[in-house]
Amino acid sequence: MSELATAAATAPAVRLPPPARVPKLLQGFGFAMARRTMIQRMARRHGSVFTLNVPPFGRAVAVADAQLARQVFTTSPEELGKVEPSLDRVLGEGSVFALDGNAHRQRRRLLAPPFHGKSIKNYESIIEAETLREIANWPEGTPFATLPATMRITLNTILRAVFGAEGAEFDELRRLIPPWVTLGSRLVALPKPKRNYGRFSPWGRLDEWRRQYEIVIDKLIAAERADPNFEDRTDVLALMLRSTYDDGSIMSRKDIGDELLTLLAAGHETTGATLGWAFERITRHPDLLAALVEEADNEARGGGNELRQATILEVQRARTVIDFAARRVYPPVFQLGEWAIPRGHSMIVSIAQIHDDPNVFPDPERFDPQRYIGTKPSSFAWIPFGGGTRRCVGAAFANMEMDVVLRTVLRHFTIETTSAPGERWHCRGVAYTPKDGGRIVVRRR
Ligand code: HEM
């Protein structure tokens, strides 16, 4: 008997969580149009684990329970692997999102170092410079949306991290990446038509931008290779060009293009959106804002940044921009708590729902950074970056980036406070942003 057949024979009987009592068509419509709200309503009705049938995942188990989420994230990637379909539908098969098992491990080994520890310290001054450049033009005394600015800061930052020094090709990438990410995020969950309807159709437009992107990447690769200091370069592209896998092979040109696009897309929209929410939140919390300003001023005299860090954590909890992380069941049956989930089912860990759980975060509607003063959040309940072997590669980088941007703004501007109701959620396809773009009124200090 083969190993697989033995496993199948000894697997426990399937026992699925309660099914969502909504017609499949309506589930699909709800998931596509109002994912967050739909999961929230279903969790209220069915509890913290329930079964869905939604395009594009098909049969899936929604997990809105921190303990079970912990189990999902700590299970080996051989049992719970890459979900199908995933962002690689638009990013390409060379993206880390597309990889599983050993190929995924190897790619993570390559990608992780430049976004961790000491390496990211070098980016602090770049981020501060990018922020100063952007806020130089902020209008005084009139409301404006911070989101376009935070998106530009985060895009410029990730471009510089990925490619090193700024080059002429950057303008071209600044022109191509934002609309590509906006359209790609919308198309990722939609079926791709078999026929090509040309460059005026959405998929055609995405392909055309992709073609233009690849031309720029060719130029950047040629420039890096021609650099006499190529061997000493620490940017991500140089690392990719120099890297060799365990078997001695190198990253293909296609994989490099896909992975660079992955980092540019994953690295800028999420961080920019969270920063937009940060401004949306602090302008509505006068005491917090005053304390943050005082802290930023004291920091220049050697003080710490505990409150700002706690604020970033709370923004990420209360205004989670990526609402779920997903995996796929590989063994014949996967035991999740009391449930037995069959092969092929997707597991959708509802990050947003877990962040709203009153058993884990008392009074979850209250925006309160004090939750984390003197204590760290649980790494299994506070999960804006997902978890386990696929946890966000850029988590430390994003945290440092948000910290520097907020610190720089607080030092240069007084942000006016408002008692206006909080902004609503806007889904851009993948990430959730504040609907009005995180509007604030500022005066130069
Ligand atoms: C506040 C900002 C960010 C948020 C909220 C965020 C969130 C996430 C989430 C939820 C995942 C999926 C994790 C999982 O499946 O368990 C993820 C994956 C990923 N993120 Fe981020 N991210 C952020 C910033 C960044 C940055 C700055 C980068 C690049 C430097 C980045 C690169 C990636 C990559 C490459 C993956 C795929 C990891 C894999 O599949 O192994 N992200 N991110």
Side-chain angles (χ1 to χ4, degrees), residues 63 69-70 72-75 77 80-83 86-88 91-92 94-101 103-116 119-120 123 127 150-151 153-163 177 181 235-236 239-240 258-278 312-313 315-328 346-352 354-355 379-380 382-406 428 430-433:
V63 179
R70 173 194 201 117
V72 170
F73 287 143
T74 51
T75 295
L80 292 182
K82 162 196 154 7
V83 73
S86 91
L87 294 177
D88 57 324
L91 293 166
S95 160
V96 65
F97 281 107
L99 305 179
D100 230 344
H104 180 254
R105 263 190 296 276
Q106 291 205 22
R107 184 65 61 79
R108 291 280 305 210
R109 270 206 290 276
L110 171 71
L111 293 181
F115 294 110
H116 271 168
S119 321
I120 61 174
Y123 296 119
I127 296 164
T150 58
M151 289 285 197
I153 294 170
T154 54
L155 179 59
N156 286 338
T157 300
I158 192 74
L159 279 170
R160 289 174 71 172
V162 164
F163 298 113
I177 301 292
V181 171
D235 55 273
V236 179
L239 294 179
M240 285 182 184
D258 289 355
E259 199 64 285
L260 291 174
L261 187 57
T262 299
L263 293 173
L264 297 178
H268 101 274
E269 191 184 42
T270 45
T271 322
T274 310
L275 277 166
W277 277 118
I312 292 169
L313 295 177
V315 169
Q316 291 196 269
R317 180 199 69 82
R319 294 296 182 273
T320 306
V321 301
I322 302 292
D323 57 319
F324 72 90
R327 304 286 185 270
R328 192 178 179 84
S346 301
M347 307 277 248
I348 300 181
V349 175
S350 174
I351 302 176
I354 291 171
H355 285 172
S379 60
F380 287 100
W382 185 88
I383 46 172
F385 295 112
T389 51
R390 304 197 88 97
R391 185 173 190 265
C392 176
V393 165
F397 185 89
N399 179 281
M400 179 273 296
E401 182 172 9
M402 294 189 283
D403 193 67
V404 174
V405 174
L406 285 177
R428 286 169 56 103
V430 176
Y432 279 83
T433 58

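Order of listing sets the numbers, starting from 1, for every ligand and every atom in it.
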Which residue supplies the protein heavy atom nearest to [atom], what is that atom called, and how far is it?
atom	result
atom 36 (C) of ligand 1	Phe97 CZ, 3.5 Å
atom 38 (C) of ligand 1	Arg108 NH1, 3.3 Å
atom 16 (O) of ligand 1	Arg327 NH2, 2.8 Å
atom 1 (C) of ligand 1	Thr274 OG1, 3.5 Å
atom 30 (C) of ligand 1	Phe115 CE2, 3.4 Å
atom 35 (C) of ligand 1	Val96 CG1, 3.7 Å
atom 5 (C) of ligand 1	Pro384 O, 3.7 Å

Side-chain touch [X]/[Y], heavy atoms, less than 4.5 angstrom:
X	Y	answer
Leu263	Leu111	yes
Pro114	Leu239	yes
Arg319	Thr274	no

*Using a strict cut-off of 4.0 Å, indicate which atoms of ligand 1 neighbour a heavy atom of Gly387.*
16 (O)
*Can you name the residues that form a side chain to side chain donor-acceptor pair (under 3.5 Å) with Asp323, not counting sequence neighbours?*
Arg35
*Looking at residues at least two apart in the chain, or sitting in another chain, which of them share a side chain to side chain donor-acceptor pair (under 3.5 Å) with Ser86?*
Asp88
*Identify which protein N/O/S atoms are less than 2.8 Å from atom 21 (Fe) of ligand 1.*
Cys392 SG
_Could you check whether any side-chain N or O of Arg107 sits under 3.5 Å from a backbone N or O of Gly94, counting only pairs where one atom can act as donor and the other as acceptor?_
yes
*Main-chain N/O of Pro113 paired to Ser119 side chain as donor or acceptor, under 3.5 Å*: yes
*Under the salt bridge (charged side-chain N to carboxylate O under 4.0 Å, His left out) rule, collect the residues that match up with Arg390, sequence neighbours excluded.*
Asp100
_Residue selection (non-hydrogen contact nearest atom 40 (O) of ligand 1) among Met402, Glu401, Gln316, Arg390_ = Arg390
*asked:* For ligand 1 and His104, I'd like to know whether there is a polar contact (N/O to N/O, distance under 3.5 Å).
replied: yes
*For Thr262 and ligand 1, does the shortest N/O to N/O distance drop below 3.5 Å?*
no
*Compute the minimum heavy-atom distance from Ile158 to ligand 1 and say whether it is under 4.0 Å.*
yes
_Passing option when Thr154 is tested against His268, Met402, Glu269 for side chain to side chain contact (heavy atoms under 4.5 Å, CB included)_ = His268
*Taking all heavy atoms of Ala273 and all of Val321, pick out the closest pair and write down the distance.*
CB-CG1, 3.8 Å
